[in-house]
Amino acid sequence: MESTEEPEALPPPPPEIPPNVVPVQLTTDSVPEETKKISKPKRSPIARRGVGSRGQKIQLLSNHFRVSISNTGGHFFHYCVSLSYEDGRPIDAKGIGRRLIDKVHETYGSDLAGKDFAYDGEKSLFTIGALPRNKMEFTVLLDSFSSNRNAGNGSPVGNGSPNETDRKRMRRAFQSKTFKVDMSFAAKIPMQAIAAALRGQESENSQEALRVLDIILRQHAAKQGCLLVRQSFFHNDPKNYVDLGGGVLGCRGFHSSFRTSQGGLSLNIDGSTTTIIQPGPLIDFLIANQNVSNPFQIDWAKAKRTLKNLRIRVSPTNQEYRITGLSENTCKEQMFSLKSRGSDGNEVESVDITVYHYFVNHRSIDLRYSGDLPCINVGKPKRPTYIPVELCSLLPLQRYIKALTVLQRSQLVEKSRQKPHEKIRILTDVMKSNNYAAEPMLRSCGITISSQFTQVQGRVLTAPKLKAGNGEDVIPRNGRWNFNHKKFFEPSKIENWAVVNFSARCDVRGLVRDLIRFGEMKGILISDPVDVVEENGQFRRAPPLVRVEKMFEQIQKAFPNAPPRFLVCLLPDRKNSDIYGPWKRKNLAEYGIFNQCLAPTRVNEQYILNVLLKINAKLGGLNSLLAMEQSRNIPFVSKVPTIIFGMDVSHGSPGQSDMPSIAAVVSSRNWPLLSRYRASVRSQSPKVEMVDSLFTLTPDKKDDSGIVRELLLDYYRSSGQTKPAQIIIFRDGVSESQFNQVLNIELDQIIEACKFLDESWSPKFTVIVAQKNHHTKFFQDGSPDNVPPGTVIDNAVCHPQSYDFYMCAHAGMIGTTRPTHYHVLLDEIGFSADDLQELIHSLSYVYQRSTTAISVVAPVRYAHLAATQISQFLKCDDMSETSSSHGGLTSAGQTPVPELPELHRNVCSSMFFC
């Protein structure tokens with residue numbers, strides 16, 4: 001029996017609230033609705049019920065490194081840090097915190113009982129064991145506060161002057177050097193909590209203790225001058241840079257995080273990538289960013305937005321500043337007031353001169369081209385400081401946070417790929433170079449980190465057999481199959497259709513001929529098109545909406561009585577055509593026309609087959625299906641009416657903070673089939689991850705206009721008037737911290753929607769989260785190849801208590817396979833581990849757009865496709881400005897969310913997203 005120690009008495013709380021501070025009363029009205037609902041979670045993720053045994057065993061390595069802790073009896077002490085200037089003003093500058101804390105440690109080591117710090121760079125600091133007092137105040141002098149993160153504070157110049165006098169500059173710099181650092185005790189965290197978490201007893205303390213370990217590693221990286229992005233770190237090494245064009249570089253670095261697992265505590269190390277501004281001469285960056293050939297073609301209004309807050313080094317002084325703006329005039333025209341002193345030290349005159357004149361004549365600096373360009377302002381709004389642009393160089397490791405172009409993104413993905421053996425070599429090297437054994441905080445914790453990859457045992461599941469047309473068997477090999485000499489399982493028929501050409505250069509007649517010929521080989525009967533509608537040349541340069549409207553005027557002439565059933569649209573741009581959104585909206589929302597967009601470059605048989613796969617699925621056909629689906633032999637699912645949901649929320653790009661998020665839910669239909677789906681899509685407040693329109697009462701409270709009702713009614717109609725007795729939910733895109741919200745907000749809405757339809761109806765639920773955005777990788781021991789498709793891992797690196805497993809259903813052809821991490825949050829249906837893993841594996845083979853197994857279950861991929869396609873509707877200029885009834889709340893209150901147009905009844909229950 002384990003002995004239980006008396007808990008140590010906590011240190012006294014921080015001092016009382018100052019008398020001049022009035023505590024804010026928190027009323028229930030001020031608590032967001034989402035918080036109220038989850039304050040007392042009714043459901044928690046279930047524990048693991050067992051592990052699977054099916055499949056061929058395979059020995060694997062994982063990028064988790066074993067961690068051992070000897071000092072489990074110790075405690076982390078958490079202190080809140082407050083940083084201010086000497087006069088009490090809080091420091092608003094970024095990046096200076098670490099310098100101040102380092103200075104405190106260096107200056108006051110004896111007052112701190114020799115404690116080492118783990119500092120998060122902002123407001124939290126941790127020590128092992130307590131500091132001498134609960135509240136400590138320090139005064140710190142920094143040697144030079146021309147900080148590269150000073151946001152203009154402490155700037156050595158002012159009044160528009162690049163340099164008033166050396167003496168004045170030194171005095172002002174000296175005045176800015178004194179800071180106050182306050183530390184107040186906040187909490188005590190037992191290291192024992194980590195051992196408890198490994199036994200499955202997770203708590204707030206265990207999460208905090210692991211957070212402290214992560215902060216120690218971040219600090220370790222910060223001391224090496226790394227850029228820190230959450231739990232990833234990036235060294236300033238040109239070998240890690242790849243040019244993405246437009247003055248943007250991809251930067252390779254590493255992710256690190258401590259994880260509790262069945263094998264004990266481990267450190268997960270993986271490659272990571274971010275994007276940074278091209279360092280070096282500022283003018284070179286602007287020329288590349290705007291794709292111009294010389295400085296005089298630069299759009300300076302655009303440059304001003306791009307440069308705001310970037311950090312520069314100025315020659316010849318090598319001082320560092322943050323850019324606050326640009327001068328209104330050119331360097332040769334921008335005036336400022338230069339004050340000079342007489343020999344007696346009294347100020348005698350103030351002369352207005354240009355910035356150009358000052359640098360060339362007073363500082364004897366030769367300016368080759370800056371005279372006719374704006375100056376860079378590094379001062380404050382009322383105290384500008386102008387510097388000629390050619391004296392400015394951008395500092396390295398500055399993140400580029402705007403949305404990448406399609407070309408930049410594809411370059412980043414392509415140049416970041418690493419084969420399994422490359423990744424193993426790189427991660428092995430980083431474990432050696434990080435030298436964690438020398439980190440004093442880790443040593444104080446008694447932590448040692450193995451440099452060996454963790455060995456795990458996986459199992460390779462047998463691929464499910466598929467059925468093609470005429471009942472023919474299709475046997476996937478290595479996660480792939482083909483339709484050679486086979487027809488689609490359920491081919492559609494294409495008539496009353498046309499081709500629309502938006503000035504794409506291609507052999508339209510040859511394309512039509514190939515579509516008809518290959519379609520017939522796959523069982524699709526395609527009649528000759530009614531027309532080939534070529535875009536009127538005078539509209540080629542018109543805005544996208546105008547081009548689409550004009551094209552539809554031409555289509556209506558070709559189809560005067562009724563719209564066509566199907567359109568093939570040829571786009572001129574291979575990627576990201578701005579016609580795509582307006583075209584899809586016009587077809588799907590206004591006219592209900594099935595359509596397929598193509599940007600044909602190299603047209604061959606494989607290309608045409610891929611297009612036919614998508615067309616057949618959109619028009620209601622089926623390309624293939626699981627043999628078990630046809631014979632109704634899928635455990636738990638084939639014999640009991642079951643609906644499968646796939647849920648995803650798509651957010652705008654990083655540079656589009658006001659773009660509404662798009663929530664999409666797809667659902668299976670025509671039970672007992674699992675291969676046919678439909679989608680329901682809503683807009684909601686930007687960056688809100690929880691789907692807030694699953695159950696939505698109308699204003700009169702008499703009806704439900706939510707997503708789930710729409711999908712359940714469709715299932716009922718398409719499945720022989722049958723209500724599902726079981727609902728399997730696959731949720732994409734949520735982190736571990738949001739699992740309780742999925743179980744207690746989203747699932748509650750789904751249950752409410754069911755009860756609203758029939759109060760006595762109580763289906764069983766299984767809720768599974770699918771995560772792709774994680775850093776666990778697997779490698780075959782002694783082989784350069786990726787893990788085989790169908791590999792499942794439910795031991796060693798999995799959670800010590802929760803029900804999770806990793807699956808690589810697909811064949812990784814390029815780079816290193818990224819497994820999907822499945823978390824089973826709830827299972828009322830009662831699957832065995834083997835049956836659930838087999839079902840998930842099989843659902844990776846029902847994706848109608850390809851003849852390969854995909855990396856995640858098809859319903860999740862479909863939900864992502866639906867959300868992405870419908871989000872294109874919002875890019876139309878004539879988007880409705882009315883608030884959506886599905887609009888969510890943000891911290892600022894009710895936000896008007898553009899309402900999505902309803903899909904036309906002809907296409908709303910189709911797989912339009914394929």
Side-chain angles (χ1 to χ4, degrees), residues 146 148 150-173 176 247 277 280-290 292-341 347-395 398:
S146 59
N148 61 352
N150 69 2
N153 291 313
S155 173
V157 288
N159 288 342
S161 163
N163 183 346
E164 293 182 35
T165 64
D166 282 350
R167 188 163 42 165
K168 191 169 182 181
R169 181 178 72 231
M170 290 302 293
R171 188 167 74 243
R172 187 175 301 117
S176 303
I277 298 283
L282 180 64
I283 204 72
D284 291 354
F285 164 72
L286 288 175
I287 287 170
N289 184 248
Q290 298 194 11
V292 294
S293 55
N294 65 65
F296 304 102
Q297 296 173 325
I298 290 170
D299 176 342
W300 288 98
K302 185 177 174 185
K304 184 177 180 180
R305 294 192 298 273
T306 306
L307 295 177
K308 178 92 170 164
N309 288 326
L310 291 182
R311 291 173 289 124
I312 55 169
R313 180 178 287 117
V314 175
S315 62
T317 62
N318 278 342
Q319 283 190 289
E320 295 173 8
Y321 304 101
R322 192 180 293 274
I323 296 173
T324 54
L326 300 175
S327 62
E328 290 182 13
N329 303 309
T330 65
C331 187
K332 283 181 175 174
E333 296 168 341
Q334 184 63 52
M335 307 291 291
F336 74 94
S337 184
L338 177 68
K339 294 171 183 159
S340 58
R341 299 173 186 275
E347 193 171 293
V348 292
E349 62 178 355
S350 175
V351 183
D352 285 347
I353 63 169
T354 66
V355 175
Y356 183 85
H357 181 272
Y358 170 79
F359 274 93
V360 171
N361 297 313
H362 286 252
R363 300 283 297 277
S364 302
I365 295 172
D366 183 32
L367 297 179
R368 291 173 296 121
Y369 58 81
S370 294
D372 297 316
L373 302 175
C375 301
I376 301 300
N377 182 9
V378 296
K380 297 177 182 177
K382 293 183 179 174
R383 220 184 155 82
T385 300
Y386 297 124
I387 298 169
V389 69
E390 70 187 81
L391 302 183
C392 302
S393 285
L394 286 163
L395 291 171
Q398 299 191 71

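Scanning all heavy atoms of the two residues, the minimum distance from Tyr386 to Cys375 falls at CB-CB, 3.8 Å. Considering all non-hydrogen atoms of both residues, Pro374 and Val389 come closest at O-CB, 4.2 Å. Here the closest heavy-atom approach between residue Pro388 and residue Leu367 is recorded as CG-CD1, 3.8 Å. The shortest heavy-atom contact between Thr317 and Arg363 is CG2-NH2, 3.8 Å. The two atoms that bring Val378 and Ile323 nearest to each other are CG1-CA, 4.4 Å, heavy atoms only.
Residues satisfying the side-chain hydrogen bond (donor to acceptor under 3.5 Å, both in side chains) test with Gln290, not counting sequence neighbours, are none. Judged as a side chain to side chain contact (heavy atoms under 4.5 Å, CB included), and not counting sequence neighbours, the contacts of Asp366 are Arg368. Here Glu328 pairs with nothing under the side-chain hydrogen bond (donor to acceptor under 3.5 Å, both in side chains) rule; sequence neighbours left out. Applying the side-chain hydrogen bond (donor to acceptor under 3.5 Å, both in side chains) criterion to Ser370, with sequence neighbours excluded, gives Glu390. Considering only residues two or more places apart in sequence or on other chains, Lys332 meets the side chain to side chain contact (heavy atoms under 4.5 Å, CB included) condition with Thr330, Tyr356, Asp372. Qualifying ring-ring contact (aromatic ring centres under 6.0 Å, His included) partners for His362, counting only residues two or more places apart in sequence or in other chains: His357, Tyr358. Under the rule for a side-chain hydrogen bond (donor to acceptor under 3.5 Å, both in side chains), Ser364 has no partner lying at least two apart in sequence or in another chain. Residues satisfying the side chain to side chain contact (heavy atoms under 4.5 Å, CB included) criterion with Asn318, sequence neighbours excluded, are Arg313.
Distance check: Ser350 OG to Phe336 CZ gives 9.5 Å after rounding to the nearest 0.5 Å.
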Acceptor/donor pairs from residues 296-306 side chains to any protein atom, 3.5 angstrom cut, sequence neighbours excluded:
{"residue": "Gln297", "atom": "OE1", "partner": "Ser293", "partner atom": "N", "Å": "2.8"}
{"residue": "Gln297", "atom": "OE1", "partner": "Ser293", "partner atom": "OG", "Å": "2.8"}
{"residue": "Gln297", "atom": "OE1", "partner": "Asn294", "partner atom": "N", "Å": "3.4"}
{"residue": "Asp299", "atom": "OD1", "partner": "Ala301", "partner atom": "N", "Å": "3.1"}
{"residue": "Asp299", "atom": "OD1", "partner": "Lys302", "partner atom": "N", "Å": "3.2"}
{"residue": "Thr306", "atom": "OG1", "partner": "Lys302", "partner atom": "O", "Å": "3.0"}

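In terms of modelled atom types and a separation under 3.5 Å, the side chain of Gln398 and the main chain of Arg311 share a donor-acceptor contact. In this structure a side-chain-to-backbone donor-acceptor pair under 3.5 Å is present from Asn377 to Thr385.
Proximity of Asn329 to Val355: side-chain heavy atoms (C-beta onward) are nowhere separated by under 4.5 Å.
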